[in-house]
Amino acid sequence: MSEALLEKTKMGPVACPIDFFDVYGVRDDFPILRSRVRGKPLVYLDNAATTQKPLQVVEATRAYYEKQNANIHRGVHYLSELATNKYEAARETIAGFLNAESAREIVFTSGTTESINLVAYSFGRANIKAGDEVLISAMEHHSNIVPWQMLCEQTGAKLRVIPIDDNGDIIFEEFETLLSEKTKMVAIVHVSNSLGTINPIKKIVERAHAFDIPVLVDGAQAVSHLKVDVQELGCDFYAISSHKLFGPTGIGALYGRESLLDAMPPYQGGGDMIKSVSFERTTYSELPSKFEAGTPNMAGAIGMATAIDYFTGIGYDKLESHEDAVLRYAHEALADIPDLKFIGMAKAKTGVVSFVLSDIHPHDIGTILDQNGIAVRTGHHCTQPVMERFKIPATTRASFALYNTVDEVDRLAEGLHGVLNLFK
Ligand code: 7TS
């Protein structure tokens, strides 16, 4: 770590051994980060919405369309076999990434939203009935609220909500109180997109499993910051999106415990998910193609696997120390800004700094920062109940990825001082 960075982060080299992490070398892999926006060098701090893509991913996608494209499965010709092998190898990569027991437990979807809808639709309609309860938390993204609400409306089940405290941590005792024989699913976010809270998933799973309740984890924001091991967490379902993980949009995955996926009915009907079809009767394929009706996003799957190889190739120890240093530095730098209040100060936090600044509307803050080339997100971040909990309409959110630097945090802090001066 450089002396300047050490000084800035106020951390010793032992606590934060990031001197082996070449953030500028990593940035070179992301051409978009060299852009100028409104005449200023881009500072991209909207990574929770979507991450930028390294050249390796762009090139793998291009190579697929240039040299490998054909529809997969059942084709006897060379290209179909090649594309099939690449698609299935991508599944193996994702299984390894999440440490699933087998690639049969990985279903390709269009992303976290579809993964959750798949479980709510297939598992939910087969196993949840009137009088049952689905337990979520007060910090869920809309995509882990609405599918369960729809299920509850259709079945007569009840949605129950684990409250959160003023720091943005779930109130664990309340969670324990809410668990009962009626609970048929716990669906909870691993890392909150609007607060940055890291939830204690392993502990949550242990408590839920004591009642034989399956646990679905929304991992959209977790996998680019934390090493995730579904066997270690013990969860039953884990949902991810490629585009939040330096991969292409329109592709993601659902991990599901094999015994559960096996027992679940298909979610959509069509080609590729069947064993045989007649007008009298259709039988379905084995896992995981039972859940993958129609021609899938082959290029996306290959791009996603390339992104995962790229990202894991850097090493989690380096990544986590670097990101932790940048996040801590951001908290320190922004704490010096008068009238700035953080929203979300959980004990364990990653990726996100959300705040309100005086009585200035976040949209105004975002617009002024944009004039300085700084991309942040403002609004409710698809977590309206979080805004309600903190009695605010919106926050300004800076969200970080492996390529962000403390210099960029300085630019953000400078920009915010500029906003304050304008409104004084
Ligand atoms: N869950 C969480 C925790 C998220 O942050 C998001 C997207 C989703 C689910 C949905 O992911 P998708 O890939 O299926 O769309 N979050 C955000 C965000 O914070 N700003 O834009 C999208």
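Both ligands and their constituent atoms are indexed starting at 1 by order of listing. Excluded from the calculations below are hydrogen atoms, water molecules and symmetry mates; all remaining heavy atoms, backbone and side chain alike, are included. The structure displayed is predicted, hence computed values, not measured ones.
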### Cation-pi check, Lys203 onto Phe172 ring (under 6.0 Å, within 45° of axis)
yes
#### Entry: Per-atom contacts of ligand 1 with Ser241, taking only distances under 4.0 Å to non-hydrogen atoms
11 (O), 12 (P), 13 (O), 14 (O)
### Message
Counting only heavy atoms, tell me which of Asn193, Asp218, Val191 gets closest to atom 2 (C) of ligand 1.
### Response
Asp218
#### Entry: Intermediate values then yes/no, side chain to side chain donor-acceptor pair (under 3.5 Å), Glu388 and His380
CA-CA 9 Å; Glu388 222 168 87; His380 53 62; over 6 Å; no
### Task
Would you mind telling me if ligand 1 is within reach of the side chain of Ala49, the backbone, both or neither, using heavy atoms under 4.0 Å?
both
### Nearest heavy atoms of Gly366 and Val376, plus distance in Å
CA-CG2, 4.2 Å
### Query
Atoms of ligand 1 less than 4.0 Å from Ala220 heavy atoms?
1 (N), 2 (C), 4 (C), 9 (C)
### Query
Which is it for Lys244 and ligand 1 at heavy atoms under 4.0 Å: side chain, backbone, both or neither?
side chain
### Task
Using a strict cut-off of 4.0 Å, indicate which atoms of ligand 1 neighbour a heavy atom of Gln221.
3 (C), 4 (C), 5 (O), 16 (N), 19 (O)
### Atoms in ligand 1 with a heavy atom of Ser143 nearer than 4.0 Å
1 (N), 8 (C), 9 (C), 10 (C)
### Query
Would you find a donor on one side and an acceptor on the other, under 3.5 Å apart, between the side chain of Asn127 and the backbone of Gly124?
no
### Arg104 and its salt bridge (Lys or Arg N to Asp or Glu O under 4.0 Å) partner, picked from Glu92, Glu88, Glu258
Glu258
### Message
I need the atoms of ligand 1 closer than 4.0 Å to a non-hydrogen atom of Ala48, numbered in the order shown.
### Response
16 (N), 17 (C), 18 (C), 19 (O)
### Query
Under 4.0 Å from any heavy atom of Val189, which atoms of ligand 1 are there?
3 (C)
### Task
Can you sort out which atoms of ligand 1 are near Thr113, meaning under 4.0 Å from one of its heavy atoms?
10 (C), 11 (O), 12 (P), 14 (O), 15 (O)
### Task
Would you check whether Arg397 reaches within less than 4.0 Å of ligand 1, judged by its heavy atoms?
yes
### Query
Should Glu133 and Lys158 count as an ion pair when the cut-off is N to O under 4.0 Å?
no
#### Entry: Salt-bridge present (Glu174, Arg160; N to O < 4.0 Å)
no
### Task
State whether the side chain of Lys53 and the backbone N or O of Thr51 hold a donor-acceptor pair below 3.5 Å, judged by distance alone.
yes
### Query
So is there a nitrogen or oxygen of His381 less than 3.5 Å from a nitrogen or oxygen in ligand 1?
no
### Side chain, backbone, both or neither: the part of Glu140 lying under 4.0 Å from ligand 1 by heavy atom
neither
#### Entry: Interfacing atoms of ligand 1 (cut-off 4.0 Å, heavy-atom, Thr112)
9 (C), 11 (O), 14 (O)
### Task
Mark yes or no for whether Arg389, through its side chain, and Gly168, through its backbone, hold a donor-acceptor pair below 3.5 Å.
no
### Query
Nearest heavy atom to atom 6 (C) of ligand 1: which of His141, Glu114, Met139, His380 does it belong to?
His141
